[in-house]
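Just so we're on the same page: letters track the sequence lines, and every chain starts at 1. In this text the structure is predicted, and so the values were computed from the model without any measurement. Computed over heavy atoms, backbone and side chain alike; hydrogens, waters and symmetry mates excluded.
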Amino acid sequence: MTHHRSDLIRTLVERGFLHQCTDLDGLDRKASEGVITAYIGFDATANSLHVGNLVMIMMLHWIQKTGHRPIALMGGGTTKIGDPSGKDETRNLLDDATIAANIASIQEIFRPFLRFGDGPSDAILANNATWLDSLQYIPFLRDVGRHFTINRMLTMDSVKLRLEREQPLTFLEFNYMILQGYDFVELNKRYNCTLQLGGSDQWGNIIQGVDLGRRVANAELFGFTTPLITTASGAKMGKTAAGAIWLRADRLAPYDYYQFWRNTEDGDVGRFLKLFTTLPLAEIARLEKLQGAEINDAKKVLAFEATRLLHGDAAATAAAETARTTFEQGGIGEDLPAVTLPAAELAAGIPAWSLFQKAGLAASNSEARKLIRGGGARLNDQKVEDENQVVTGDAVTGGVIKLSAGKKRHALVKPA
RNA sequence: GGAGGGAUGGCCGAGCGGUCAAUGGCAGCAGACUGUAAAUCUGCCGACUUAUGUCUACGAAGGUUCGAAUCCUUCUCCCUCCA
């Protein structure tokens with residue numbers, strides 16, 4: 001193992017963020033000599049980021065923590081184009097209003113991870129629409145376009161794959177890499193940004209920026225990519241029954257976020273602790289050694305720490321406590337998702353299947369029936385045998401009715 | 001512009017006039033086993049107050065037929081080859 005002099009590179013390497021780097025030693029040197037400015041771009045295709053983006057956010061966090069300056073670049077301009085990398089098909093184009101709303105919503109997510117401001121290592125939030133929107137076609141082609149050869153562009157994976165699979169690639173998308181390259185140069189000019197980080201699928205786009213910087217500005221730029229984070233069983237991270245694991249609390253409750261991490265596969269615990277928490281490596285090494293049932297303790301730490309970073313101490317503590325009472329004591333956790341039901345409706349009696357549907361544990365009435373028939377439904381921890389069983393006010397214990405779908409999904413019904 | 005091929009449930013992919021709510025696989029949900037893990041096995045997997053019932057669905061709209069995912073016409077989109 002080579003020795004890295006800078007805290008930044010050492011941290012990123014030791015924690016498993018490195019996949020490829022254009023010049024690791026050169027970057028290490030720069031980072032040990034002074035403050036460097038680094039950026040990561042984020043698409044604005046949805047109104048929240050998800051765990052897939054969390055690796056990037058964690059890197060920005062470490063950049064700042066090791067004394068450097070992170071830039072979170074919102075792709076207000078490039079989202080209008082659509083990145084073809086890793087996609088078989090052209091994306092639907094979003095309108096300006098949607099993109100603007102998405103950006104506003106996404107920005108909130110960075111707040112717990114980064115300190116924004118004007119200081120030397122304070123984070124900057126930028127939006128590439130600032131410079132891309134006003135580009136003039138002919139001048140742009142003359143100044144920037146001449147540095148890109150079609151020959152080279154055709155060798156990029158994002159392009160090559162589409163061509164090989166005989167999937168169409170529009171000229172619009174073909175331009176994406178040029179604009180991303182231009183972003184890097186623009187950020188270099190504005191903020192003296194010299195490093196771009198991204199997922200491994202961004203390598204090609206990043207390289208284009210590095211080259212462009214050298215050609216038009218004689219700037220020494222660096223590129224750094226992370227491995228694609230998959231689970232031990234090979235699945236892409238972040239998809240569950242409920243859909244994507246969103247980072248905004250209004251799209252995924254902190255309790256569910258906690259549960260997502262709590263249910264990590266054994267083989268992933270160590271790697272995830274390094275990537276998604278800020279615990280010291282020595283502590284992680286200790287947790288990683290746990291075997292068998294004890295590994296659950298490591299998972300709890302992972303879940304708590306990850307939740308704390310995103311949603312704060314209080315939310316993490318509440319989620320952990322709810323999980324503890326629910327799973328370890330079979331009790332009722334306060335933080336479980338709850339729905340209220342008019343007391344009159346309950347007094348009149350409501351069929352079990354309807355109740356499960358209303359509580360959000362089944363997407364439709366049919367699904368609720370299937371759940372009950374399959375033996376996966378419980379009411380106050382008693383298995384529901386008959387889907388037509390009528391539930392009345394008698395079922396209320398301690399002010400609530402606890403419903404469970406399977407072992408992991410629980411909800412509360414409160415009469416009101 | 002010309003000639004062919006294609007569009008099926010979250011995805012892949014069969015079906016090519018009735019027995020098709022549509023084979024298979026993946027994904028998902030639940031059960032058993034466990035450690036709120038993985039692997040394995042089992043069941044479920046369009047909707048509907050659950051009915052040997054109704055409705056919606058095989059790109060869209062019409063048509064033929066007692067009956068169409070399956071045949072015909074037009075349209076939309078995609079692909080391949082030729083120009």
Considering only the [atom1] atoms, how many Å lie between [N] and [M], rounded to the nearest integer?
{"N": "B:G46", "M": "B:C29", "atom1": "C1'", "result": "15 Å"}
{"N": "B:A69", "M": "B:C82", "atom1": "P", "result": "38 Å"}
{"N": "B:U56", "M": "B:C71", "atom1": "C1'", "result": "24 Å"}
{"N": "B:U73", "M": "B:G6", "atom1": "P", "result": "14 Å"}
{"N": "B:A21", "M": "B:A47", "atom1": "C1'", "result": "11 Å"}
{"N": "B:G62", "M": "B:C55", "atom1": "C1'", "result": "22 Å"}
{"N": "B:C72", "M": "B:U64", "atom1": "P", "result": "15 Å"}
{"N": "B:U8", "M": "B:A14", "atom1": "C1'", "result": "9 Å"}

Would you kindly give the [atom1]-to-[atom2] distance between [X] and [N], to the nearest whole Å?
{"X": "A:Phe356", "N": "B:U49", "atom1": "CZ", "atom2": "P", "answer": "17 Å"}
{"X": "A:Phe260", "N": "B:A37", "atom1": "CZ", "atom2": "C1'", "answer": "13 Å"}
{"X": "A:Phe272", "N": "B:A37", "atom1": "CZ", "atom2": "C1'", "answer": "12 Å"}
{"X": "A:Phe327", "N": "B:U36", "atom1": "CZ", "atom2": "C1'", "answer": "5 Å"}
{"X": "A:Asn263", "N": "B:A39", "atom1": "CG", "atom2": "P", "answer": "13 Å"}
{"X": "A:Gln291", "N": "B:A37", "atom1": "CD", "atom2": "C1'", "answer": "12 Å"}
{"X": "A:Glu288", "N": "B:A37", "atom1": "CD", "atom2": "P", "answer": "21 Å"}
{"X": "A:Lys408", "N": "B:C29", "atom1": "NZ", "atom2": "C1'", "answer": "11 Å"}

Quick one: which of [options] gets closest to the side chain of [X]?
{"X": "A:Glu387", "options": "B:A30, B:U36, B:U50", "value": "B:U50"}
{"X": "A:Leu371", "options": "B:A30, B:A37, B:U49", "value": "B:A30"}
{"X": "A:Lys299", "options": "B:C33, B:A37, B:U50", "value": "B:A37"}
{"X": "A:Arg373", "options": "B:A37, B:U50, B:G35", "value": "B:U50"}

Problem - Residue met sooner reading RNA chain B from 5', once A:Glu328 and A:Ala377 are mapped to nucleotides - result: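 Here A:Ala377 is the residue nearer the 5' end.
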Handout entry: A:Trp353 or A:Ala405, whichever maps to the more 5' nucleotide of RNA chain B
Key =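 Looking at the nearest nucleotide for each, A:Ala405 comes out on the 5' side.
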Practice task
Identify the heavy atoms of A:Phe184 and A:Ile206 that sit nearest to each other, and give their distance.
Solution key: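 Smallest heavy-atom distance, with atoms named: CD1-O, 4.4 Å.
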Exercise for the section: Might you point out which heavy atoms bring A:Gly76 and A:Ile103 nearest each other, and give the distance in Å? Expected result: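 That closest heavy-atom pairing would be CA-CD1, 3.5 Å.
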Exercise for the section: Using a heavy-atom cut-off of under 4.0 Å over every strand shown, decide if A:Ser354 touches base, sugar-phosphate, or nothing. Expected result: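 No contact.
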Practice task
Just call it for A:Glu294: base, sugar-phosphate, or nothing, with non-hydrogen atoms closer than 4.0 Å on any strand.
Solution key: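 Answer is nothing: A:Glu294 stays at 4.0 Å or more from every strand.
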Fill in the blank from the handout: With sugar-phosphate taken as primed atoms, P, OP1 and OP2 and all else as base, the protein-contact string of nucleotides 41-47 of chain B at under 4.0 Å (heavy atoms; B, S, -) is ---SS-S
Problem - Polar contact flag, side-chain donor to acceptor under 3.5 angstrom, A:Gln202-A:Gln180 - result: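 The criterion, which ignores hydrogens and geometry beyond distance, is satisfied for A:Gln180 and A:Gln202.
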Handout entry: Modelled atom types, side-chain donor and acceptor of A:Ser121 and A:Arg115, under 3.5 Å
Key =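 Looking only at side-chain atoms, A:Arg115 and A:Ser121 do form a donor-acceptor pair, the distance falling under 3.5 Å.
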Practice task
Decide if the gap between the ring center of A:Phe327 and the ring center of A:His410 is smaller than 6.0 angstrom.
Solution key: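 That pair passes the under 6.0 Å test.
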Practice task
Taking A:Asn380 for its side chain and A:Gln382 for its backbone only, find out whether a donor-acceptor pair lies under 3.5 Å.
Solution key: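 Not confirmed, A:Asn380 side chain does not pair with A:Gln382 backbone.
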Exercise for the section: Verify the contact: side-chain N or O of A:Arg409 to OP1 or OP2 of B:A30, cut-off strictly under 4.0 Å; return yes or no. Expected result: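 Checking B:A30 against A:Arg409, a side-chain N or O does come within under 4.0 Å of OP1 or OP2.
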Exercise for the section: Could you pull out all residues at least two apart from A:Glu345 that satisfy side-chain hydrogen bond (donor to acceptor under 3.5 Å, both in side chains)? Expected result: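 side-chain hydrogen bond (donor to acceptor under 3.5 Å, both in side chains) check on A:Glu345 returns nothing, list empty.
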Problem - All salt bridge (charged side-chain N to carboxylate O under 4.0 Å, His left out) counterparts of A:Asp256, not counting sequence neighbours - result: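 Result, salt bridge (charged side-chain N to carboxylate O under 4.0 Å, His left out) vs A:Asp256: none returned.
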Cut-off 3.5 Å, no hydrogens considered: what does the side-chain donor-acceptor table look like for residues 352-361 of chain A, sequence neighbours left out?
{"unit_1": "A:Trp353", "atom_1": "NE1", "unit_2": "A:Asn388", "atom_2": "OD1", "d": "3.3"}
{"unit_1": "A:Gln357", "atom_1": "NE2", "unit_2": "A:Asn365", "atom_2": "OD1", "d": "3.3"}

Practice task
Flag the pair A:Lys370 and A:Glu367 as a salt bridge only when some basic side-chain nitrogen lies within less than 4.0 angstrom of an acidic carboxylate oxygen.
Solution key: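 The answer is no: the pair does not qualify as a salt bridge.
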Exercise for the section: Output all residues satisfying ring pair (Phe, Tyr, Trp, His ring centres under 6.0 Å) with A:Phe116, sequence neighbours left out; order by chain, then residue number. Expected result: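 Ring pair (Phe, Tyr, Trp, His ring centres under 6.0 Å) list for A:Phe116, sorted by chain: empty.
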Practice task
Treat a base pair as Watson-Crick or G-U wobble with both distances under 3.5 Å, then lay out RNA chain B in dot-bracket form, 5' to 3', with | for cross-strand pairs.
Solution key: ((((((((.[[[..)..(.....]]].(((((.......))))).(((....)))...[[[[[..)....]]]]]))))))).
